[in-house]
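Written out below as structure tokens is the structure these notes cover.
What you are looking at is a predicted structure, and each value in this text was computed from that prediction instead of being measured.
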Amino acid sequence: MGDSAKPYEHIMVRRSDSNIPFNGLCTLRKRLGFEERVRGDLHLFTTGKVEEILPLQCRGGKAEAYQVKQVRNVILAQRR
């Protein structure tokens, strides 16, 4: 996975959700098959596998904790 391996491991072992780099989470979402659209500072990620649109905003170089939780839930749901 390269660039997205570290955020993936961090998310899946449920360490602090507030310390995920924004760029790492964007890369991870793309590797998981999400398409990215950018509107201003908001990055919108969609895929045919998930009904909801997952937004992502950068705050000081980090992703928001609730957004990291959303990504984890999507990963776990896709495994089922």
Euclidean distance, L56 CG relative to E64 CD, rounded to 0.5 Å: 9.0 Å

Linked, directly or transitively: L76 and Y8 (ILVMFWY side chains, under 4.5 Å): yes

Cluster overlap F34 with L42, hydrophobic side-chain contacts below 4.5 Å: no

ILVMFWY cluster, L25 and L44 together (side-chain gap under 4.5 Å): no

Charged N-O contact under 4.0 Å between R29 and E36: no

Any donor-acceptor pair under 3.5 Å from R72 side chain to I11 backbone: yes

For V38 against G40, the heavy-atom pair lying closest together: CG1-O, 3.4 Å

Common cluster, M12/V68, ILVMFWY with side-chain heavy-atom separation under 4.5 Å: yes

Gap separating the NE2 atom of H43 from the CZ atom of F22, nearest 0.5 angstrom: 3.5 Å

F45 CZ to L28 CG distance, which is reported to the nearest 0.5 Å: 9.5 Å

OG1-NZ distance between T27 and K30, expressed to the nearest 0.5 angstrom: 6.0 Å

